[in-house]
Amino acid sequence: MSMLGTYVPGRSPIHRLPAGFKLLALIGAIIAMSVLVTTTTGAAVAVGATVLVFAAAGIGPVRAWPLMRGPLFVVALIFGFQLFITDWQRAVVVAAILLASIGLAAVVTLTTRTSDLLATIVGALRPLERFGVRTDLIAMALALTIRSIPLIAEVFTQVDQARRARGLRPGPRVLFVPAILATLDTADGFADTLAARGLD
């Protein structure tokens, strides 16, 4: 299964950037897109810029497609929901922002070792330790969140493939109920693994 959190060694300019800078740039880019991208033209620019970032990181279409295939299914579902409650322009904007955000997160995790990401997060949160905050657990939770994005997307993909194999029509009960149950089962697996390693 393709995972956004799988580090790929490389010597691209993005690989050489510090983990802290990449995290701040990711957060800033997501906030900027959420505020500034309000038209379909802006949505196209956001997606195009993300494609350029993939290229700058040395991640070509052959490598990128398996990574984004699962998230694309989730984005398509959100696009359909937005299309139902708003209009097609707003649906395009929301889907583009989400897709670009996932793509940029993928680039960060592909070009940065998980240990470097965790060390950066723990370092930034270290002042909170004087108040009794378990910064190591916060860092672990963030790392699991990053790695869970494609896993959940893959669950939705598998559920949809099972629906098609059975000839069922798409619908909330057919798609979301099995996906949610499978996601909760995966979360239980995460919890058991962490408990076995002595983490809260």
Side-chain angles (χ1 to χ4, degrees), residues 2-8 10 12-112 114 116-117 120-121 124 141-157 159-160 170 172 175-176 179 183:
S2 301
M3 298 295 288
L4 293 184
T6 302
Y7 171 70
V8 177
S12 73
I14 295 180
H15 276 85
R16 293 194 293 266
L17 291 173
F21 179 85
K22 283 187 275 191
L23 284 174
L24 289 176
L26 173 62
I27 295 171
I30 292 174
I31 293 174
M33 287 190 294
S34 300
V35 174
L36 300 177
V37 178
T38 57
T39 65
T40 54
T41 301
V45 171
V47 173
T50 303
V51 172
L52 291 178
V53 173
F54 268 95
I59 304 169
V62 175
R63 177 67 181 173
W65 170 245
L67 291 168
M68 300 302 296
R69 181 173 52 195
L72 274 172
F73 177 73
V74 177
V75 171
L77 289 177
I78 295 175
F79 173 81
F81 178 72
Q82 288 290 324
L83 194 63
F84 179 74
I85 65 173
T86 58
D87 54 67
W88 72 268
Q89 291 97 335
R90 180 59 183 170
V92 168
V93 168
V94 171
I97 292 174
L98 181 58
L99 185 62
S101 299
I102 295 174
L104 292 175
V107 172
V108 170
T109 55
L110 283 169
T111 60
T112 314
T114 303
D116 292 338
L117 286 175
T120 299
I121 295 171
L142 290 174
L144 288 175
T145 300
I146 292 172
R147 290 182 176 274
S148 295
I149 293 172
L151 185 61
I152 294 173
E154 185 69 20
V155 167
F156 275 94
T157 301
V159 169
D160 186 59
L175 289 175
F176 288 100
T183 301

Quiz item: How far does CG of L24 sit from OG1 of T120, to the nearest 0.5 angstrom?
Solution: 9.0 Å
Quiz item: Would a 4.5 Å heavy-atom cut-off, applied to side chains only, mark F79 and L98 as touching?
Solution: no
Quiz item: In Å and rounded to the nearest 0.5 Å, what is the CG to CD1 distance from L110 to I14?
Solution: 10.5 Å
Practice problem: Might you point out which heavy atoms bring A46 and M33 nearest each other, and give the distance in Å? | Solution: CB-SD, 3.8 Å
Quiz prompt | Spacing of T112 atom OG1 and H15 atom NE2 [to the nearest 0.5 Å] | solution = 8.0 Å
Self-check item: Exercise: identify the closest heavy-atom pair between P13 and A56
Solution: CD-O, 3.6 Å
Self-check item: Spatial distance of atom CD1 (I30) from atom CG (L26) [nearest 0.5 Å]
Solution: 4.0 Å
Quiz item: Does the side chain of T111 reach to within under 4.5 Å of the side chain of L17, using non-hydrogen atoms?
Solution: no
Exercise. Quickly, which of L72, L104, V94, T50 forms a side chain to side chain contact (heavy atoms under 4.5 Å, CB included) with L99? Name it, please.
Key: L72
Quiz prompt | Distance, nearest 0.5 Å, that separates CZ of R90 from OG1 of T40 | solution = 12.5 Å
Quiz item: Roughly how far, to the nearest 0.5 Å, is CZ of R16 from NZ of K22?
Solution: 10.5 Å
Exercise. Would you indicate whether the side-chain heavy atoms of I59 and V8 approach each other to under 4.5 Å?
Key: no
